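Whatever order the structure lists ligands and atoms in, that order sets their numbers, starting from 1. Everything numeric here is computed off the predicted structure, so don't read it as measured data.
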Amino acid sequence: MGVTAAEEPRAETPLTAPGEIVHTGAAEYPGLDSWRDLPLKQQPHWQDHPDFDSAYAELSANPPLVFAGEVDKLKRRLAKVAQGEAFLLQGGDCAETFSDITAEKISAKVKTLLQMAVVLTYGAALPVVKMGRMAGQYAKPRSSDAETRDGVTLPSFRGEIVNGFEFTEESRLPDPKRMVEAYHKSASTLNLIRAFTEGGFADLRAVQQWNKGFMENPAHAKYERIAGEIDRAVRFMSACGVEFEGLRRTEFYSAHEALLLDYERALTRIDSRTGMPYVTSGHFVWIGERTRDLDGAHVDYLSRVRNPLGVKLGPSTTAQDALDYIEKLDPQREPGRLTFITRMGAAQIREKLPALVEAVRDSGAKVVWVTDPMHGNTITAKNGYKTRRFDDVMDEVRGFFEVHQAAGTYPGGLHVEMTGDDVAECLGGSDVIDESAFDARYESLVDPRLNHKQSLEMAFLVAEALTQ
Ligand code: PEP
Ligand code: MN
């Protein structure tokens, strides 16, 4: 039951800053607490914790991390993607960690995403909407509530917004104060991202210089043609004296899985312009594969906020499910509102995706289709690490393009788990990573990420697929 524009808003504070959210305090709006009576998965049981109420109250009183005006702008950008006039790039860690919120790591990640975006812009010959799994990607769904090691059983790690990774009783106990810390870490992350992307760091010419560094490695010589063409185009624009702002700064949006509903609820605010509720923890939020029950709490809650939404669709999704998500989450058929992020696995995408794409196409609904080629291709390496093969990841991306081409629909984007650092977590790539590197360079607490070079290589391969 989506909130519709016709419903009577209950804004309680007068307008003081046109176009932005002025409320403090978790939003009051009909239906925003209905999720509490519905089946709710993947949450810590911490409402009775002595610090729960104060943490919730503090979050509720804090300023929003993002503004409704920005969120609406993103929705307009995503509407272009749905129409086949732009491409969406989403990337970042599986799980952010508090200790990795440093200028160095954030800038490496943003740089890598900007580099990928330049290459994809060329491949798609379209604008690329850039979005980080950043500034809020702290809550993780787990396949089991508990973990046993050497006969000791403790609660599973649910992301640093809930508990600690260290395998001790104290660390694994859910602590609501962590929500407040995640909020502050997200605020500093966003602050840096805003400075980077608006202060000349994202200048197209500089980004292209960074890509040249990548090309100097013989392992990547096969991308020379594309890199050379981009370089020529950028030099041509410079020679023509093109100085427009679009080259110097860029829009960059934040995204995360809206898993922890206490956090999302506390950070929901009413937009002073429209009187409508927005999740202000990030611009774009998605519902994960494990919490996408049509009658569950997550789908209900997100149906009531105005942000653009994603839903992860795994291989068990039926065509009817896809149509039901559209009905529940985008009853107004609002362009840019709904993104389907498919994660079928390389082995299944060509078989499972066509029915979904065709049903949505035939219904007339316009959604954004994105491929997450990571989560359906996770394997356990012989030495016990969770990993993914670069070739499987690429194969799923190719399958995604093939299915959309056959259905006459638009493959709108790419969603990857990546980092700007030189980690060794995924296998393969031209600069080959094998299992022997894991002990020294595996850093992820949850899922394996593409490293800097693998991320760029993926962008070149996708660009190649797009220009064929
Ligand atoms: C994730 O994106 O990290 C994740 C858990 O994905 P999914 O919900 O697709 O399994
Ligand atoms: Mn993951």
Whether [Y] and [X] form a salt bridge (side-chain N of Lys/Arg under 4.0 Å from carboxylate O of Asp/Glu) is what I want to check.
X    : Y    : answer
D33  : R36  : yes
D145 : R158 : yes
K140 : D447 : no

task: Just say parallel, tilted or perpendicular for the rings of F214 and Y223, cut-offs at 30° and 60°.
output: parallel
field: Pair listing, side chain to side chain donor-acceptor pair (under 3.5 Å) test, anchored in residues 348-359, at least two apart
entry: R350-D395, R350-E402
message: If you apply the rule salt bridge (charged side-chain N to carboxylate O under 4.0 Å, His left out), what do you find for K75 with E334, and how did you get there?
response: CA-CA 9 Å; K75 208 188 279 171; E334 196 186 347; 2.9 Å; yes
- line: D51 meets the salt bridge (charged side-chain N to carboxylate O under 4.0 Å, His left out) criterion, sequence neighbours left out, with K177
query: Are there any protein N/O/S atoms under 2.8 Å from the Mn ion (ligand 2), and if so, which?
result: C94 SG, H375 NE2, E417 OE2, D447 OD2
- request: Could you give me the CA-CA distance, side-chain angles and deciding distance for W46 and Y263, then say whether ring pair (Phe, Tyr, Trp, His ring centres under 6.0 Å) is met?
  value: CA-CA 12 Å; W46 60 8; Y263 183 75; 9.9 Å; no
For each nitrogen or oxygen atom of ligand 1, which protein N/O atoms lie closer than 3.5 Å, and how far apart are they, rounded to 0.1 Å?
from     : atom 1 : to   : atom 2 : distance (Å)
ligand 1 : 2 (O)  : R133 : NH1    : 2.9
ligand 1 : 2 (O)  : R133 : NH2    : 3.3
ligand 1 : 2 (O)  : K312 : NZ     : 2.8
ligand 1 : 2 (O)  : H375 : NE2    : 3.4
ligand 1 : 3 (O)  : R133 : NH2    : 2.9
ligand 1 : 3 (O)  : K140 : NZ     : 2.7
ligand 1 : 3 (O)  : H375 : NE2    : 3.0
ligand 1 : 3 (O)  : E417 : OE2    : 3.0
ligand 1 : 6 (O)  : K312 : NZ     : 2.8
ligand 1 : 8 (O)  : E289 : N      : 2.8
ligand 1 : 9 (O)  : K312 : NZ     : 2.9
ligand 1 : 9 (O)  : R343 : NE     : 2.7
ligand 1 : 10 (O) : R343 : NH2    : 2.9

field: ring pair (Phe, Tyr, Trp, His ring centres under 6.0 Å) assessment of Y253 paired with F284
entry: CA-CA 8 Å; Y253 296 96; F284 177 99; 9.8 Å; no
